[in-house]
Amino acid sequence: MTGPAISVRVQRQDFDLAAEVAAMSEGRGDVGAIVTFSGLCRDEAGTLGALELEHYPGMAEAEIRRVCETAVVRFGLIALTAIHRHGRILPGEDIVLVVAASPHRQAAFDGANFVMDFLKTSAPFWKKEIGTDGTAGGWVSAKDADDSARDRWKKD
Amino acid sequence: MTGPAISVRVQRQDFDLAAEVAAMSEGRGDVGAIVTFSGLCRDEAGTLGALELEHYPGMAEAEIRRVCETAVVRFGLIALTAIHRHGRILPGEDIVLVVAASPHRQAAFDGANFVMDFLKTSAPFWKKEIGTDGTAGGWVSAKDADDSARDRWKKD
Amino acid sequence: MSTVRLVYFAWVRERIGKDEEEIALPDSVVTAGDLLNHLKTLGEDYEMALEHENVIRVAINQEHVEHDEPIAGAREIALFPPMTGG
Amino acid sequence: MSTVRLVYFAWVRERIGKDEEEIALPDSVVTAGDLLNHLKTLGEDYEMALEHENVIRVAINQEHVEHDEPIAGAREIALFPPMTGG
């Protein structure tokens with residue numbers, strides 16, 4: 001008997017959504033619901049040339065894994081995958097993927113949502129904006145709304 | 001200026017998750033979040049041979065479209081796709097797919113979640129269980145939990 | 001008297017024993033609930049199918065309605081159990 | 001005196017002007033907050049980087065800690081701004 005399958009990857013290259021989803025239910029009949037979240041780089045109305053994503057190697061993986069371990073227990077997930085890219089990301093490209101599988105739909109929704117909220121506020125990644133002319137802009141500021149989103153998961 | 005892109009399909013054949021997701025952000029830079037929900041046929045601990053999915057042609061599409069139209073307005077979605085299969089579905093196979101795209105993550109999560117909750121309780125589909133020996137079992141019963149899940153979206 | 005097309009799904013269809021039919025309605029049948037009561041007088045199959053009247057869902061012209069909704073102007077009325085898609 | 005490896009990220013890294021360094025810590029530096037105050041005495045770059053002390057996040061051995069956490073036993077201490085991944 002193995003526990004829920006957690007897979008965490010921090011990588012430069014893009015990911016394959018379909019393959020990650022297919023892997024969740026392959027060879028098993030207890031998965032009834034799979035929710036995926038893909039976070040993409042927006043072009044900010046044409047003003048953004050790219051994002052430069054800096055991360056803390058080692059801690060980035062460890063922190064996402066801690067979030068995932070909490071999520072599989074709390075929501076009774078069958079499998080959970082989280083992939084976060086780093087380096088230069090162009091508008092329209094993928095930044096992050098979370099895939100949660102469970103027998104029932106709400107657990108899969110909540111699991112993926114929970115992971116994103118905690119990943120946003122606790123995984124050591126930082127975004128720097130690069131203008132359309134290639135010059136470095138400012139660092140993206142953290143949002144209070146992200147802290148609020150995380151805090152709604154606190155149990156009473 | 002076109003409104004949010006809603007695509008609703010009720011079909012026998014399987015769908016292509018990756019293609020549906022890719023279509024959402026193709027040629028546009030305002031999509032920051034894409035959430036997908038895939039509903040799969042479980043094997044019910046090896047007791048289920050298949051599901052036979054009956055639907056009300058015409059109304060099934062119309063009802064899902066009504067739900068989607070409400071969702072894009074309520075959550076400010078950029079695009080929303082819902083595909084529901086009918087006919088015989090084997091354990092491990094896809095039943096339903098919802099894909100919601102928006103600038104920000106919570107709207108995409110809520111949009112997909114909302115569509116599933118209303119689709120479950122209002123789209124005219126019925127599941128009949130087929131045993132592993134191919135004999136027809138009973139019709140799946142509607143769950144009170146599904147009504148509760150829908151009712152939590154009622155605004156105060 | 002007016003005629004209307006009735007369509008049945010899932011176990012309502014199985015118990016009544018047909019997918020659809022055209023029937024003539026007496027003028028006393030005003031609401032969807034009246035229709036259910038009228039159908040129950042047409043035979044045992046209908047009685048068994050519509051026994052638990054409160055769980056039967058009704059759609060007029062492919063839109064959900066409550067049992068107290070008038071059916072005047074309906075081209076197609078569907079009767080079916082609670083839905084279990086998704 | 002003990003030595004510890006410090007690593008910096010994002011605008012903390014840019015303002016201090018280095019990715020990482022080993023520094024010797026006086027015994028008076030007990031908590032993460034003490035460390036920030038000590039670093040601010042090391043020059044203008046540090047002062048500018050750590051000016052808004054309350055927004056600076058600290059990780060000891062790759063785990064988040066509060067500013068009042070003791071740093072004894074730390075092999076690696078990271079200083080960085082609030083995170084903006086995802």
Side-chain angles (χ1 to χ4, degrees), chain A residues 15-22 24-49 78 90-106 108-117 119-120 143 145-146 148-149 152, chain B residues 15-22 24-49 78 90-106 108-117 119-120 143 145-146 148-149 152:
Chain A
F15 43 76
D16 180 343
L17 174 70
E20 299 300 335
V21 169
M24 293 244 150
S25 62
E26 206 174 285
R28 60 191 307 161
D30 54 351
V31 173
I34 301 177
V35 168
T36 76
F37 175 88
S38 305
L40 288 78
C41 177
R42 290 189 307 268
D43 68 1
E44 307 302 349
T47 64
L48 187 80
I78 291 170
L90 303 178
E93 289 187 349
D94 295 314
I95 298 173
V96 62
L97 174 69
V98 173
V99 187
S102 82
H104 302 288
R105 73 184 182 286
Q106 197 53 47
F109 273 117
D110 288 343
N113 204 337
F114 176 97
V115 169
M116 277 309 302
D117 283 347
L119 183 155
K120 275 254 169 198
K143 292 188 203 75
D146 288 331
S148 308
R152 75 197 159 108
Chain B
F15 43 75
D16 180 342
L17 173 71
E20 299 300 335
V21 170
M24 294 245 149
S25 62
E26 205 175 286
R28 60 190 308 161
D30 54 351
V31 173
I34 301 176
V35 167
T36 76
F37 175 87
S38 305
L40 288 78
C41 177
R42 291 189 306 267
D43 68 1
E44 308 302 348
T47 63
L48 186 81
I78 292 171
L90 303 178
E93 288 187 349
D94 294 314
I95 297 172
V96 62
L97 174 69
V98 173
V99 187
S102 82
H104 301 288
R105 74 183 182 285
Q106 197 54 46
F109 272 117
D110 288 344
N113 204 338
F114 176 97
V115 169
M116 277 309 301
D117 282 347
L119 184 155
K120 275 254 169 199
K143 292 188 205 75
D146 288 331
S148 309
R152 76 198 159 108

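Every chain is numbered from 1, with letters handed out A, B, ... down the list of sequences.
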Calculate, to the nearest 0.5 Å, the distance between atoms CG and CG belonging to A:Asn113 and B:Asp110 respectively. 7.0 Å
Quick one: side chain to side chain contact (heavy atoms under 4.5 Å, CB included) partners of A:Ala18, sequence neighbours excluded? A:Asp16, B:Ala18
Enter the distance from B:Ile34:CD1 to B:Ile78:CD1 here, rounded to the nearest 0.5 Å. 9.0 Å
Top residue by heavy-atom pair count (under 4.5 Å) with chain A, among B:Gly27, B:Gly29, B:Ala145? B:Gly29
Quick check on B:Val35 against chain A: is it the side chain, the backbone, both or neither that has a heavy atom closer than 4.5 Å? both
Atom group of B:Gln106 that falls short of 4.5 Å from chain A, counting heavy atoms: side chain
With a 4.5 angstrom heavy-atom cut-off, is it the side chain or the backbone of B:Ala22 that approaches chain A, or both, or neither? neither
With chain B, the option among A:Arg152, A:Glu44, A:Glu26 that has the most non-hydrogen atom pairs under 4.5 Å is A:Arg152
Counting a contact as any heavy-atom pair under 4.5 Å apart, which residues of residues 93-104 of chain A contact chain B? A:Pro103, A:His104
Nearest heavy-atom pair of A:Ala33 and B:Phe37: which atoms, and what distance? CB-CE1, 3.6 Å
From CG (A:Leu17) to CD (B:Glu20), nearest 0.5 Å: 11.5 Å
Considering only heavy atoms and a distance below 4.5 Å, find which of A:Pro91, A:Ala149, A:Ala112 pairs most often with chain B. A:Ala112
For chain A, find which of B:Gly32, B:Gly92, B:Ala108, B:Ala45 contributes the most heavy-atom pairs closer than 4.5 angstrom. B:Gly32
Determine which pairs satisfy side-chain hydrogen bond (donor to acceptor under 3.5 Å, both in side chains) with at least one residue from residues 29-38 of chain A, sequence neighbours left out, and list them in order. A:Arg28-A:Asp30, A:Thr36-B:Thr36
Applying side chain to side chain contact (heavy atoms under 4.5 Å, CB included), can you list everything that pairs with B:Asp146, at least two apart in sequence or on another chain? A:Arg105, B:Lys120, B:Thr121, B:Lys143
